[in-house]
Amino acid sequence: MKANILYGKSSVELDLPDHTVRIEPTDQPALNQPEQVIQEALASPIGTPPLSTMVKSNQTVAIVISDITRPTPNHILVPLIMNCLKHVPTENFVIINGTGTHRDQTREELIQMLGEDIVDSVNIVHNHCNDKSSLKKVGHSKYGCDVYLNKDYVEADFKIVTGFIEPHFFAGFSGGPKGIMPGIAGIETIMTFHNAKMIGDMRSTWGNMADNPVQDMTREINAMCKPDFMLNVTLNKSKDITAVFAGELYEAHDVGCNYAKSHAMFKCQERFDVVIASNSGYPLDQNLYQTVKGMSAAHKVVKEGGSIIMFSECSDGYPNHGNFAEILKMADSPQGLLDMINDPKFGMLDQWQVQKQAVIQTFADVYLYSTLTAQQTTDAMLHPVNDIKETLAQLREKYGPDMTIGVMPLGPLTIPYVE
């Protein structure tokens with residue numbers, strides 16, 4: 001069978017055995033007129049009055065967006081929000097880039113995300129989680145930390161969060177309150193949110209919203225300084241808008257998550273010897289850090305002792321910010337990394353992503369097809385792939401002629417499971 005795996009800004013065509021099982025969400029058609037649907041959602045939102053009636057002309061408005069590692073169509077959402085609020089002067093708006101612990105975006109990247117008109121006319125700030133002067137305390141979490149959020153957001157008269165809803169490997173689903181926490185939070189708050197206990201909890205997993213401690217914490221923190229309005233979308237494999245969810249934060253997000261879950265779930269009859277997965281292409285496969293999400297999705301349906309083959313371009317490297325690469329070198333095995341991270345005395349930025357990767361690697365071998373060098377790949381305790389046919393032939397020798405294969409063309413946009 002032929003399978004097109006999303007990779008970077010294009011795809012890689014694979015020629016796989018006919019018995020390969022294709023694991024992917026039900027593809028939803030793009031909205032014919034997404035701008036019109038968004039305008040209608042802003043005028044008839046879920047659980048709030050129309051957006052245009054909620055903001056006075058003399059108020060300041062903060063719009064929180066997701067950073068460049070997410071494919072949120074901010075270039076569509078933000079102009080439509082501002083047009084809906086055209087009675088508010090442009091100088092009253094601030095756009096806050098929810099970088100969390102990630103790097104700032106360049107001007108060129110902001111133009112790619114928002115369009116040149118917005119970049120040239122609206123005040124845009126990046127969240128700097130380590131800069132206390134740009135943060136403001138809003139409370140104390142029951143999970144044991146003071147809560148700091150971006151000061152421009154906290155002090156705005158009216159607060160809007162945008163985003164897109166997709167399955168998330170430890171928060172259940174992205175979007176909604178995750179735009180605020182961890183998107184515009186301070187480092188102490190983010191480190192607690194991602195600590196070993198939270199990430200290691202069995203309930204912190206794909207598609208689970210009911211008793212997920214990670215989702216619970218993000219919602220708790222949002223309630224301390226709640227967005228007045230949410231605008232989220234869902235996307236298909238072409239990154240086109242398929243549905244729009246606007247209104248009250250929790251109510252509208254729940255509706256969106258239920259919609260996404262109904263299309264993303266994929267039941268497999270059994271686990272596979274080999275699972276081939278993408279990281280859903282650009283922008284989600286920009287670095288190895290983000291690639292852990294695709295690994296985690298494949299982990300759901302690979303056999304113990306099996307193999308995962310990831311296709312992820314990693315054009316931005318590991319990346320070269322944060323401590324992800326440094327932590328990977330601090331032990332000589334995945335189990336060694338887990339033992340180190342689970343020590344209550346240990347605490348480093350990005351440990352959560354290494355923890356997730358190490359859990360997967362103690363269960364199955366992970367191979368990587370990317371632009372990373374062979375040395376960079378092996379330094380991460382992964383097996384480099386140059387020729388997929390050659391790798392599959394080697395694995396067939398390991399697992400035998402009846403080797404079972406599952407392929408996930410969209411990687412983390414799918415929630416595979418075995419009952």
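Here the structure is a predicted model, which means the values were calculated and not measured.
For Asp157, the CG atom sits in a packed shell: over 12 heavy atoms of surrounding residues, nucleotides or ligands are nearer than 6.0 Å. For Asn32, the CG atom is loosely surrounded, since the number of other residues' heavy atoms within 6.0 Å does not exceed 12. The local environment of NZ in Lys151 is sparse, with at most 12 non-hydrogen atoms from other residues, nucleotides or ligands closer than 6.0 Å.
The backbone N or O of Asp240 lies less than 3.5 Å from a partner atom in the side chain of Asn236, making a donor-acceptor pair. Ser174 contributes a side-chain N or O that, together with a main-chain N or O of Phe164, makes up a donor-acceptor pair within less than 3.5 Å. The backbone N or O of Val359 lies less than 3.5 Å from a partner atom in the side chain of Thr362, making a donor-acceptor pair. A donor-acceptor pair is defined here as one N or O able to donate and one able to accept, closer than 3.5 Å; no such pair exists between the side chain of Asn127 and the backbone of Thr99. Looking only at distances, no side-chain donor or acceptor of His383 sits under 3.5 Å from a matching main-chain atom of Leu368. With Asn212 contributing its side chain and Asn208 its backbone, the two residues share a donor-acceptor pair below 3.5 Å. Side chain of Asp350 to backbone of Asn323: a donor-acceptor contact under 3.5 angstrom is found. Proximity of a side-chain donor or acceptor of Ser204 to a complementary backbone N or O of Gly200 within less than 3.5 Å is not detected.
To the nearest 0.5 Å, the span separating CG on Leu235 from NZ on Lys237 amounts to 14.0 Å. Going from atom CD1 of Ile415 over to atom CD of Glu166 covers 9.5 Å, rounded to the nearest 0.5 Å. In this structure, the separation between CG on Asp104 and CD1 on Ile68 is 12.0 Å, given to the nearest 0.5 Å. Once rounded to the nearest 0.5 Å, the distance linking CZ of Phe272 with OG1 of Thr404 reads 6.5 Å. In this structure, CD in Glu326 is found 10.0 Å from CG in Leu349, a value given to the nearest 0.5 Å. Atom CG in Asp67 sits 9.0 Å away from atom OG1 in Thr72 (nearest 0.5 Å).
With 3.5 Å as the limit, one finds a donor-acceptor pair spanning the side chains of Tyr143 and Asp216. At a cut-off of 3.5 Å, with distance as the only test, a side-chain donor of Thr242 or Thr234 sits close to an acceptor on the other residue. Side-chain contact of Thr69 with Gln286: a donor-acceptor pair under 3.5 Å is absent, judged by distance alone. With no hydrogens or angles considered, a side-chain donor-acceptor pair links Glu40 and Gln36 at under 3.5 Å.
The side-chain heavy atoms of Phe93 and Asn123, taken from C-beta on, include no pair separated by under 4.5 Å. At least one side-chain heavy atom of Ile118 sits less than 4.5 Å from a side-chain heavy atom of Pro79. Side-chain contact between Tyr367 and Val274: absent, with no pair of heavy atoms (C-beta onward) separated by less than 4.5 Å. Contact check for Leu288 versus Leu382: side-chain heavy atoms found under the 4.5 Å cut-off. Contact of the Ile327 side chain with the Met330 side chain is registered, since non-hydrogen atoms from C-beta on lie closer than 4.5 Å. Side-chain contact between Val55 and Phe229 is absent, with no heavy-atom pair separated by less than 4.5 Å. Looking at heavy atoms from C-beta onward, His194 lies out of side-chain contact with Lys356 at the 4.5 angstrom threshold. Counting heavy atoms from C-beta on, the side chains of Ile190 and Trp352 come closer than 4.5 Å.
Across Met348 and Phe346, no two heavy atoms sit closer than the pair SD-CZ, 3.6 Å. Gly179 and Val64 get closest at one heavy-atom pair: O-CG1, 3.6 Å. Residue Asn195 comes nearest to Gln355 through the heavy atom pair O-OE1, 4.3 Å, listed as atom of the first residue, atom of the second, then distance. Gly176 approaches Leu249 most closely through the heavy-atom pair C-CD1, 3.8 Å.
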Quiz item: Can Gln353 and Phe169 be said to form a side-chain contact (heavy atoms from CB on, under 4.5 Å), step by step?
Solution: CA-CA 10 Å; Gln353 215 80 345; Phe169 66 142; 3.5 Å; yes
Exercise. Apply side-chain contact (heavy atoms from CB on, under 4.5 Å) to Leu6 and Lys239, showing your working.
Key: CA-CA 11 Å; Leu6 293 181; Lys239 309 296 191 295; 4.2 Å; yes
Exercise. Decide side-chain contact (heavy atoms from CB on, under 4.5 Å) for Arg107 and Asp120; before the verdict, give the C-alpha distance in whole Å, the side-chain angles of both, and the deciding distance to 0.1 Å.
Key: CA-CA 10 Å; Arg107 171 179 165 80; Asp120 286 342; 3.0 Å; yes
Quiz item: Passes side-chain contact (heavy atoms from CB on, under 4.5 Å), Met310 versus Asn279? Steps please.
Solution: CA-CA 7 Å; Met310 286 301 305; Asn279 210 53; 4.0 Å; yes
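The side-chain contact (heavy atoms from CB on, under 4.5 Å) test with Glu313 singles out one residue from Leu284, Asp285, Leu372, and that residue is Asp285.
Relative ring orientation between Tyr7 and Phe311 is described as perpendicular, the plane-to-plane angle rising above 60° on a 0-90° scale split at 30° and 60°. Using the six-membered ring where Trp is involved, Phe363 and His299 have ring planes that are perpendicular, over 60° apart on the 30 and 60° scheme.
Here Arg203 pairs with Asp201 in a salt bridge; the nearest charged N to carboxylate O distance falls below 4.0 Å. Ion pair Glu155/Lys136 flagged as a salt bridge, since at least one NZ, NE, NH1 or NH2 atom sits closer than 4.0 Å to an Asp/Glu carboxylate oxygen. Looking at Arg219 and Asp254, a side-chain N of the basic residue comes within less than 4.0 Å of a carboxylate O on the acidic one, giving a salt bridge.
Note: His253 and Phe173 fail the aromatic proximity criterion, with ring centroids not under 6.0 Å apart.
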